[in-house]
Structures are given as C-alpha cells and as structure tokens.
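Quick notes on the structure that follows.
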Amino acid sequence: MQTVAIVDFSFGNLRSVHNALRSLAEPGTDIRIATEPADIEQADRIVFPGQGAARHCMLALRQKRLADAVLNAAQNRPFLGICMGMQVLMEYSEENDGVDCLGLFSGRVQAFAPHVERGSGFKIPHMGWSRIEQTPHPLWENIPDQSRFYFVHSYYTAPRDEEAIAGRTDYVLPFASVIAKDRVFAMQSHPEKSGEHGLTLLRNFLNWDGQC
C-alpha cells in the first residue's frame, strides 16, 4: 500500500485535489492531508498545492515547520507541485515586495503586469484555459501536446535553467508553466480542475517511479 501526502500549510485548495486523487488511486492507497513534518517524511509520494501570496505561504511553511520536510521529500520521492506549490520552489518571488523562497530551482517568480501593453486585451490575473507546449516527460503520457489546462495566477516562473522547463504557455509572454527536475514535476495550472487531461496527469503521477 502506498501513501500519498497532500501538504497542508493553510494555503491550498485541498478538497478538490484530495477528491481527484482519491477517485484515481488504486484500492488501498492511503491519501492523507499532511499537517506535520512526520506526515510528509513517512509518505511515498508528495503533492504540494498552494494558492495565495508568496510571502504568506512561505511564512506559513516556516511557522508550521514544513519547509525542510518539503525540500527533503522533493529530493528523494515523487513530488508534484501545483500553482503556488510550484512558485515557492524557486529562489525568489517578486510578490509582496520580494520574498525568499525554498530555492530548489534557480530563478525568480515575476509579475505579468509590467509586460501588459495598453489595449492588448490581456487581463491579470491570467484566469482560464491555456495551452501547454510540452517538453518530453513521463507525466505527459497520453496527454496530447498543446492540451489546455486551467490557470489562475498573476505571477509567472522564470527559471534560469532552460533544461528545467517541462512545459511552456503563451499568455502576455511565453513563460515556463511547468518545471521538472529529478523526482519533481511542478505546474502553474491546476490539474485537478483541468478536466480529463488534468486527471490523466494526476493518474500518471500516482504511477510514476520518479525517473525521467
């Protein structure tokens, strides 16, 4: 029996993620909400969702003593980051006048707003369905390239390492909507809200051995 821990640091839409995973998992899979470091350390795979502002998310992770457990898990077990759970894996976010993040990936999280030209028609936050141009990765199995996923965000991830980009989306400007390294796959969009393609990705994650 495998255990899947969904990290709860009070800044994630856990119900929809939990329900989606429970509907896809093999019988006997233990899908639990992780509120303590031990819950993360004892799990076989980790889902790290998040929403809200970067500074508040980082503060909550540290106050709940979850930051180190999250980083450790990301280095040795299959790990899926979602939305803010992707952004705080970077070194730094410009949000809230700037905040240091977990630093698992090199690069920054930057605002769309300075790039929006008057009359362009782009609205911030980026909210709705957009295409993801895929870079080969096991979690894209059975998902056609350029499939649409559901996004809600005002900041985008800009990794320094091009090889870390596993998916790109064009909204205001081309940006890295998915990053991946070793056992980590993290995406700005919400797979649990992205219909059949999102569910396929979650199913792939539940069966992924962490190898690329």
Side-chain angles (χ1 to χ4, degrees), residues 7 9-20 47-61 80-102 105-135 137 139-140 143-162 164-180 185-202:
V7 180
F9 59 108
S10 302
F11 283 90
N13 184 8
L14 304 187
R15 176 178 294 181
S16 59
V17 174
H18 184 272
N19 288 344
V47 179
F48 184 42
Q51 58 190 23
R55 182 178 298 278
H56 297 149
C57 290
M58 285 304 304
L59 180 62
L61 281 171
L80 175 64
I82 299 174
C83 196
M84 185 58 68
M86 171 188 176
Q87 292 189 6
V88 297
L89 296 179
M90 305 303 292
E91 292 175 308
Y92 181 83
S93 174
E94 294 179 353
E95 193 173 10
N96 310 123
D97 297 319
V99 58
D100 291 330
C101 297
L102 293 173
F105 290 83
S106 61
R108 302 167 69 90
V109 178
Q110 301 175 170
F112 279 124
H115 303 283
V116 178
E117 297 180 4
R118 185 184 299 274
S120 67
F122 288 112
K123 297 181 179 180
I124 307 300
H126 170 208
M127 181 181 298
W129 296 80
S130 290
R131 299 183 188 277
I132 299 179
E133 177 187 354
Q134 301 170 10
T135 296
H137 191 281
L139 265 63
W140 292 128
I143 302 173
D145 192 19
Q146 300 288 347
S147 292
R148 293 182 182 274
F149 283 74
Y150 187 76
F151 290 78
V152 182
H153 62 124
S154 300
Y155 288 74
Y156 66 94
T157 297
R160 282 203 292 268
D161 182 3
E162 284 284 318
I165 300 175
R168 293 178 172 85
T169 295
D170 196 343
Y171 188 85
V172 180
L173 74 173
F175 69 94
S177 53
V178 186
I179 54 176
F185 186 95
M187 60 194 319
Q188 182 63 63
S189 58
H190 290 266
E192 77 281 5
K193 298 179 180 179
S194 295
E196 188 57 38
H197 295 319
L199 294 178
T200 298
L201 189 139
L202 291 175

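For the pair V116 and K123, the minimum side-chain heavy-atom distance is 4.5 Å or more. At least one side-chain heavy atom of P191 sits under 4.5 Å from a side-chain heavy atom of I82. Contact of the V7 side chain with the V47 side chain is not registered, since no non-hydrogen atoms from C-beta on lie closer than 4.5 Å. T157 is not listed as a side-chain neighbour of F105, based on a closest heavy-atom distance of 4.5 Å or more. Side-chain atoms of V178 and L139, non-hydrogen and from C-beta on, never get closer than 4.5 Å to each other.
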**Request:** For side chain to side chain contact (heavy atoms under 4.5 Å, CB included), just list the numbers for M187 and I179, CA-CA rounded to whole Å, side-chain angles, deciding distance to a tenth of an Å, and then say yes or no.
**Result:** CA-CA 6 Å; M187 60 194 319; I179 54 176; over 6 Å; no
**Asked** Does the pair F149 and I143 meet the rule for a side chain to side chain contact (heavy atoms under 4.5 Å, CB included), with working shown?
**Response** CA-CA 11 Å; F149 283 74; I143 302 173; 4.2 Å; yes
**Request:** Determine, stepwise, if the pair E133 / Q146 fulfils side chain to side chain contact (heavy atoms under 4.5 Å, CB included).
**Result:** CA-CA 5 Å; E133 177 187 354; Q146 300 288 347; 3.5 Å; yes
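Ring-centre distance between F175 and F112: below the 6.0 Å cut-off.
R131 is linked by a salt bridge (charged side-chain N to carboxylate O under 4.0 Å, His left out) to nothing, counting only residues two or more places apart in sequence or in another chain. Not counting sequence neighbours, the partners of E162 by the salt bridge (charged side-chain N to carboxylate O under 4.0 Å, His left out) test are R168.
How far OH of Y156 is from CZ of F151: 14.5 Å, rounded to the nearest 0.5 Å. Summarising the geometry, atom CZ belonging to R55 is positioned 9.0 Å from atom CG belonging to D100; distances are rounded to the nearest 0.5 Å. Here W140 contributes atom CH2 and I132 contributes atom CD1; the two are 4.0 Å apart, rounded to the nearest 0.5 Å. L202 contributes atom CG, which lies 6.5 Å from atom CG of L80 (distance to the nearest 0.5 angstrom). Interatomic distance, H126 NE2 to S177 OG, rounded to the nearest 0.5 Å: 9.0 Å. One distance of note links CG of L201 with CD of E192; it measures 10.5 Å at 0.5 Å rounding.
Between P144 and Q134, the shortest heavy-atom distance links the atoms O-NE2, 3.0 Å.
For the residue pair H153 / Y171, no side-chain donor-acceptor distance below 3.5 Å is found, with atom types taken as modelled.
Using a 30° and 60° split on the angle between ring planes, F9 and F48 fall in the tilted class, from 30° to 60°. Using bins of under 30°, 30° to 60° and over 60° for the plane-to-plane angle, the ring pair H190/Y150 lands in the tilted bin.
E95 contributes no side-chain N or O that, together with a main-chain N or O of S154, makes up a donor-acceptor pair within less than 3.5 Å. In terms of modelled atom types and a separation under 3.5 Å, the side chain of Q110 and the main chain of E94 share no donor-acceptor contact.
Open room surrounds CD on E117; 12 or fewer heavy atoms of other groups in view lie less than 6.0 Å from it.
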Output side-chain donor-acceptor pairs under 3.5 Å for residues 83-92, partner residues at least two apart or in another chain, one line each.
unit_1 : atom_1 : unit_2 : atom_2 : d
Q87    : NE2    : Y155   : O      : 3.0
Q87    : NE2    : Q188   : OE1    : 2.9
E91    : OE1    : G107   : N      : 2.9
E91    : OE1    : R160   : NH1    : 3.2
E91    : OE1    : R160   : NH2    : 2.8
E91    : OE2    : R160   : NH2    : 3.3

